[in-house]
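One-based numbering along the sequence shown. Hydrogens, waters and symmetry mates are skipped; everything else that's a heavy atom, side chains included, is used.
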Amino acid sequence: MNQKQALDILKLGFNVFLTGAAGSGKTYVLNEYIKYLKKNGVNIAITASTGIAATHMNGKTIHSWAHIGIKDSLTEADLNKIYSRTDFRMQMLAAQVLIIDEISMLHDYRLDIVDQVMKKIHQNDLPFGGIQVVLCGDLFQLPPVTRYGQEVKYVNESIVWDQMDINICYLNEQYRQSDENFLNILNEIRDDSISNKSLELLNSRMNQESTSKDTTKLFTHNVDVDAINQKELEKLSGKTHKFLMQSKGDSYVAKSLADNCLAPGELKLKVGATVMFVQNNYKKGYVNGTIGTILKFEKESGNPIVKLKSGKKILVELGSWRLEEGDYVVAEITQLPLRLAWAITVHKSQGMTLDSAEIDLSKAFTGGMGYVALSRVKSLDSLNINGLNGNALKINPKIIEFDKQFQKQTIHSLNKINKYNEHELKKLHKEFIYNIA
């Protein structure tokens, strides 16, 4: 379905799984729905499976929001303890819609635990205590972290999944890639049917010399990334400019924001450094993943001016990451929305769009890594591959079967709105807001 159809279904108040291939606009639809709810005075719990994904949305991890920590199960005593905390209970009761982003990395049993907590808090046996739940993500991307030898189980294998009458909204339009050959490669990886032609095209990008200064190196391990960024910064002559992250509000929450923010606590920059924006600011002309070069530092503010590949020059101002509960800001951190970007990890690149990438998948260690890394760029020509191992292009066979089911179930979701005209839909949307706001 397209983005408008997905938004129409969300606005009806149904439980939804918003999915689709990388670059299909899932984040855009989610943000549009969040804006719509806020405009209508609806209290939203904005969460994600990981800290990095949560900071992109000014939200919490689902583990933190539901007060479940890293537990794999909850006893009745655990549930009673959460319920007995008035602050926990009031915070969760206030939420009229629960959003969980990047659900590919959320274990099945964790979704069941959240369901248990919400039922207890609301004293209601309906799934999640009866509030709307929106799950967003793509199971072809990075999976839940498991212990060695343990079977990976996804959120749709949870007990509550079959109880929540979930509507699948599978986005099928593509907003990142327009290169037909490259799109075919990505789709073949998703189908686990990569052809000889596609392998030849990928091999044609092996060990290519990059022609762009805006090329980002993607590695599977932090140690490689840190070494390259430090080495490249040291090569540059000139003064090092340091920018320290500032925080206010609840110190524990602020530390959590800082730990999961892609902008570093101490940012060291020099003229000529390759940097990446780690926030979206459409008004100023950059998004999460935009690459540029430090041109100079403004005299008045001392802030850097970044030159993009297009030639556009941007004076970088402080970015803000905050955790909000209703209208109240619990904690906030501020830092320039930049990080050194000669290299980043595949995990941290998830959700980004890169102009050009040099990818080393020789140490890929889990399914989905190759798909995430390759799908960051817009075309085959903007891709250089330095290594592929046997894990790099693997996809869990379960996901392929799940994906076929999701696409079929999307037809049933479409049928729910196709029976209404535009006027009738708007009336139903207003009714949902009236009933919960």
Inset, instruction - Evaluate the side chain to side chain donor-acceptor pair (under 3.5 Å) criterion for residues Ser379 and Asp381: first the C-alpha distance (whole Å), next the side-chain angles of each, then the deciding distance (0.1 Å), finally the verdict. - result: CA-CA 5 Å; Ser379 67; Asp381 290 343; 5.2 Å; no
Legend entry - Pair Asn281-Ile314, side chain to side chain contact (heavy atoms under 4.5 Å, CB included): steps then yes or no: CA-CA 11 Å; Asn281 190 324; Ile314 298 173; over 6 Å; no
Legend entry - Criterion side chain to side chain donor-acceptor pair (under 3.5 Å) on Ser198 and Ser195, from CA distance to verdict: CA-CA 5 Å; Ser198 291; Ser195 63; 3.2 Å; yes
Inset, instruction - Evaluate the side chain to side chain contact (heavy atoms under 4.5 Å, CB included) criterion for residues Phe219 and Asp360: first the C-alpha distance (whole Å), next the side-chain angles of each, then the deciding distance (0.1 Å), finally the verdict. - result: CA-CA 5 Å; Phe219 290 91; Asp360 187 343; 3.8 Å; yes
Inset, instruction - Show the numbers, then the answer: is there a side chain to side chain contact (heavy atoms under 4.5 Å, CB included) between Leu414 and Tyr170? - result: CA-CA 10 Å; Leu414 278 170; Tyr170 198 117; over 6 Å; no
Inset, instruction - Begin from the C-alpha positions of Leu139 and Thr19 and carry the test side chain to side chain contact (heavy atoms under 4.5 Å, CB included) through to its verdict. - result: CA-CA 8 Å; Leu139 297 192; Thr19 190; over 6 Å; no
Inset, instruction - For salt bridge (Lys or Arg N to Asp or Glu O under 4.0 Å), just list the numbers for Glu76 and Lys120, CA-CA rounded to whole Å, side-chain angles, deciding distance to a tenth of an Å, and then say yes or no. - result: CA-CA 10 Å; Glu76 192 61 34; Lys120 181 73 174 180; 3.4 Å; yes
Legend entry - Test log, rule side chain to side chain donor-acceptor pair (under 3.5 Å), inputs Asp403 and Gln407: CA-CA 6 Å; Asp403 198 59; Gln407 293 189 47; 3.0 Å; yes
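Here the closest heavy-atom approach between residue Asp138 and residue Ala21 is recorded as OD2-CA, 4.0 Å. Of all non-hydrogen atoms in Phe182 and Leu374, the two that sit nearest each other are CZ-O, 3.1 Å. The two residues Lys378 and Thr353 have their closest heavy-atom pair at CE-CG2, 3.7 Å. Considering every non-hydrogen atom in both Val275 and Val306, the closest pair reads CG2-CG2, 4.0 Å. Here the closest heavy-atom approach between residue Gly370 and residue Leu361 is recorded as CA-CD1, 3.8 Å. Listed here is the closest heavy atom pair of Ile294 and Pro304: CD1-CB, 3.7 Å.
Rounding to the nearest 0.5 angstrom, the gap separating the NZ atom in Lys416 from the CD1 atom in Ile411 is 14.0 Å. Distance check, rounded to the nearest 0.5 Å: CE of Met369 to CG of Leu388 gives 13.0 Å. With values rounded to the nearest 0.5 angstrom, Glu157 atom CD is found 10.5 Å from Asp162 atom CG. Between atom NZ of residue Lys284 and atom CG of residue Leu315 there is a gap of 5.0 Å, rounded to the nearest 0.5 Å. Taken from CZ in Phe406 to CZ in Phe17, the straight-line distance is 4.5 Å, to the nearest 0.5 Å. Atom CG of Leu18 sits about 13.5 Å away from atom CD1 of Ile100, to the nearest 0.5 Å.
Under a 4.0 Å N-O distance rule, the pair Lys427/Glu424 does not qualify as a salt bridge. Taking a cutoff of 4.0 Å between a charged side-chain nitrogen and a carboxylate oxygen, Glu422 and Lys4 qualify as a salt bridge.
A heavy-atom distance below 4.5 Å is not found between the side chains of Lys217 and Asp224. Inter-residue side-chain proximity for Phe243 and Leu318 is flagged as unmet; no heavy-atom pair is nearer than 4.5 Å. For the pair Pro144 and Val152, the minimum side-chain heavy-atom distance is below 4.5 Å. Side-chain atoms of Leu380 and Arg205, non-hydrogen and from C-beta on, do get closer than 4.5 Å to each other. Proximity of Arg110 to Ile62: side-chain heavy atoms (C-beta onward) are nowhere separated by under 4.5 Å. Between Met164 and Asp115 there is no side-chain heavy-atom pair separated by less than 4.5 Å. Within the 4.5 Å cutoff, the side chain of Met245 has no heavy atoms near those of the Leu267 side chain. Looking only at side-chain heavy atoms (C-beta outward), Leu186 and Arg190 stay at 4.5 Å or farther from each other.
With Tyr154 as the aromatic partner, Lys398 does not meet the cation-pi criteria of under 6.0 angstrom to the ring centre and within 45 degrees of the ring axis.
At distances below 3.5 Å, at least one donor-acceptor pair connects side-chain atoms of Ser413 with backbone N or O atoms of Ile168. Using modelled atom types, one side-chain atom of Lys26 and one backbone atom of Gly20 make a donor-acceptor pair closer than 3.5 Å. Checking side-chain atoms of Asp250 against main-chain N and O of Ala331 turns up no donor-acceptor pair under 3.5 Å. A distance-only check finds a donor-acceptor pair linking the side chain of Asp78 to the backbone of Thr75 [under 3.5 Å]. Side-chain atoms of Tyr33 never come within 3.5 Å of backbone atoms of Ala6 as a donor-acceptor pair (strictly under, hydrogens ignored). Between the side chain of Asn40 and the backbone N or O of Val42 there is no donor-acceptor pair closer than 3.5 Å. Side chain of Arg89 to backbone of Ile121: no donor-acceptor contact under 3.5 angstrom is found. In this structure a side-chain-to-backbone donor-acceptor pair under 3.5 Å is present from Asn167 to Asn15. Gln91 contributes a side-chain N or O that, together with a main-chain N or O of Trp65, makes up a donor-acceptor pair within less than 3.5 Å. Judged by distance alone, with hydrogens and angles left aside, the side-chain atoms of Glu332 form no donor-acceptor pair with the main-chain N or O of Gly249 at under 3.5 Å.
More than 12 non-hydrogen atoms from other residues, nucleotides or ligands lie less than 6.0 angstrom from CG of Leu126. Heavy atoms of other residues, nucleotides or ligands lying less than 6.0 angstrom from OH of Tyr252 number 12 at most. The environment of CD in Gln123 is crowded: more than 12 heavy-atom neighbours from other residues, nucleotides or ligands sit within 6.0 Å.
Side chain to side chain, Ser104 and Gln141 fail the donor-acceptor criterion of an N or O pair below 3.5 Å.
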